[in-house]
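These notes concern the structure reproduced below.
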Amino acid sequence: MGLRINDTIPNLTVETDHGTITLHDWIGDQWAILFSHPKDFTPVCTTEFGAVAQLADEWAKRGTKVIGVSVDGVEDHKKWKADIEKVAGSPATFPIIADADLQVSKAFDMLPAEAYMPDGRTPADSATVRSVFIIAPDKQLKLSMTYPMTVGRNFAEVLRALDGLQTSMGKGVATPANWNVGDDVIIPPTVSDADAKAKFGEFTTVLPYLRTTKAPK
């Protein structure tokens, strides 16, 4: 069984272009996002990691570390970063895991347990290794998204989802469709009107089970 929402991620020790790290220690008390890729030197993935590099200030603002995964080795990662930085016009300061043995890809359920990488493989052999995992400081998986090889990831949506998680987690609210920072949030149906009034103050009743209020600070 693969990882599901609110599962604790495995505390793997992995090799990266920044050296050896243990995932739980590396995350520490911050949020983390793991971006996975099927192979280095692939066009869509290069633009994606370029976008990750350009958003360095946004990740920092949200107390979030980012780490890449590709099923190639450390030396390839180091060479690939030169291309990523050329495309991005920004330094790629995040680590990339060298998942040549598929330890991470299998543990995060991106590849079946019996999967292996054939000699002379192409990106198609590891095409399912194109996922985003958002991990909270408690080391639990809070969100995952998987994309096909032909569709580049929307990093505005990754940031929006991260903002939604950080707004809702531990605050007893949810976020509606297309929510962005500053928008009203949803009060869960399990909270009575009296308790909602006490906790949130004024709120709007759209439907008996849909009530909105200002986002808690």
Side-chain angles (χ1 to χ4, degrees), residues 1-40 42 44-56 58-60 62-74 76-77 80-81 84 88 92-112 115 123 126-149 151-166 169:
M1 180 68 71
L3 284 178
R4 300 293 180 262
I5 299 299
N6 293 330
D7 283 350
T8 299
I9 67 162
N11 190 23
L12 303 176
T13 298
V14 296
E15 296 300 321
T16 81
D17 61 314
H18 287 193
T20 303
I21 65 170
T22 300
L23 289 181
H24 286 201
D25 290 341
W26 178 80
I27 293 170
D29 60 358
Q30 294 190 277
W31 287 75
I33 305 184
L34 186 152
F35 297 101
S36 60
H37 299 270
K39 191 171 174 59
D40 295 0
T42 51
V44 173
C45 296
T46 301
T47 65
E48 290 177 332
F49 266 172
V52 172
Q54 291 169 342
L55 291 169
E58 296 299 326
W59 307 128
R62 291 161 174 82
T64 300
K65 293 181 174 181
V66 296
I67 190 166
V69 176
S70 174
V71 298
D72 286 323
V74 166
D76 278 339
H77 291 353
W80 187 27
K81 275 194 172 175
I84 292 166
T93 57
F94 52 87
I96 304 177
I97 296 169
D99 196 35
D101 61 0
L102 309 182
Q103 176 188 212
V104 176
S105 299
K106 292 179 178 181
F108 279 76
D109 199 29
M110 292 181 275
L111 287 172
S126 49
T128 56
V129 186
R130 272 186 54 74
S131 297
V132 177
F133 299 92
I134 301 183
I135 303 153
D138 60 8
K139 316 303 185 293
Q140 290 183 358
L141 175 65
K142 297 302 179 184
L143 183 148
S144 62
M145 298 180 274
T146 299
Y147 289 71
M149 286 174 57
V151 179
R153 284 169 263 202
N154 183 327
F155 286 86
E157 169 57 15
V158 175
L159 282 173
R160 192 197 73 85
L162 177 60
D163 285 335
L165 286 166
Q166 293 186 341
M169 187 172 169

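Note that the structure is predicted; figures quoted are calculated from it, not measured.
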[X]: side chain to side chain donor-acceptor pair (under 3.5 Å) partners, not counting sequence neighbours:
{"X": "E157", "value": "R160"}
{"X": "T13", "value": "T22"}
{"X": "N6", "value": "K142"}

Considering all heavy atoms of both residues, which atom of [X] and which atom of [Y] are nearest to each other, and what is their separation?
{"X": "I27", "Y": "A32", "value": "CG1-CB, 3.8 Å"}
{"X": "R4", "Y": "L141", "value": "O-CD2, 3.8 Å"}
{"X": "A107", "Y": "P10", "value": "CB-CG, 3.9 Å"}
{"X": "L102", "Y": "V71", "value": "CD2-CG1, 3.6 Å"}
{"X": "L34", "Y": "F108", "value": "CD1-CZ, 4.1 Å"}
{"X": "I97", "Y": "V104", "value": "CG2-CG2, 4.1 Å"}

(Q) D101: which residues meet the side-chain contact (heavy atoms from CB on, under 4.5 Å) condition with it, sequence neighbours left out? (A) D99, Q103

Could you check if a side-chain atom of [X] sits within less than 4.5 angstrom of a side-chain atom of [Y], using non-hydrogen atoms only?
{"X": "W80", "Y": "F49", "result": "yes"}
{"X": "R130", "Y": "P38", "result": "yes"}
{"X": "V158", "Y": "W59", "result": "yes"}
{"X": "H77", "Y": "P95", "result": "no"}
{"X": "L23", "Y": "L12", "result": "yes"}
{"X": "E48", "Y": "Y147", "result": "no"}
{"X": "I67", "Y": "I21", "result": "yes"}
{"X": "Q166", "Y": "T64", "result": "yes"}

Spatial distance of atom [atom1] ([X]) from atom [atom2] ([Y]) [nearest 0.5 Å]:
{"X": "F94", "Y": "H18", "atom1": "CZ", "atom2": "NE2", "value": "8.5 Å"}
{"X": "I84", "Y": "T46", "atom1": "CD1", "atom2": "OG1", "value": "6.0 Å"}
{"X": "D40", "Y": "C45", "atom1": "CG", "atom2": "SG", "value": "9.0 Å"}
{"X": "T42", "Y": "M149", "atom1": "OG1", "atom2": "CE", "value": "7.0 Å"}
{"X": "F155", "Y": "E58", "atom1": "CZ", "atom2": "CD", "value": "13.5 Å"}
{"X": "L162", "Y": "I33", "atom1": "CG", "atom2": "CD1", "value": "5.0 Å"}

Q. What pairs meet the salt bridge (charged side-chain N to carboxylate O under 4.0 Å, His left out) rule with one or both residues in residues 8-26, with sequence neighbours excluded?
A.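 Listed by first then second residue: D17-K81.
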
Q) Got a donor-acceptor contact below 3.5 angstrom from the K139 side chain to the G28 backbone? A)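 Answer holds: yes.
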
Q: Check step by step if side chain to side chain contact (heavy atoms under 4.5 Å, CB included) holds for V44 and R153.
A: CA-CA 9 Å; V44 173; R153 284 169 263 202; over 6 Å; no

Q.
I'd like to check the salt bridge (charged side-chain N to carboxylate O under 4.0 Å, His left out) partners of D163; sequence neighbours left out, ordered by chain and number.
A. R62

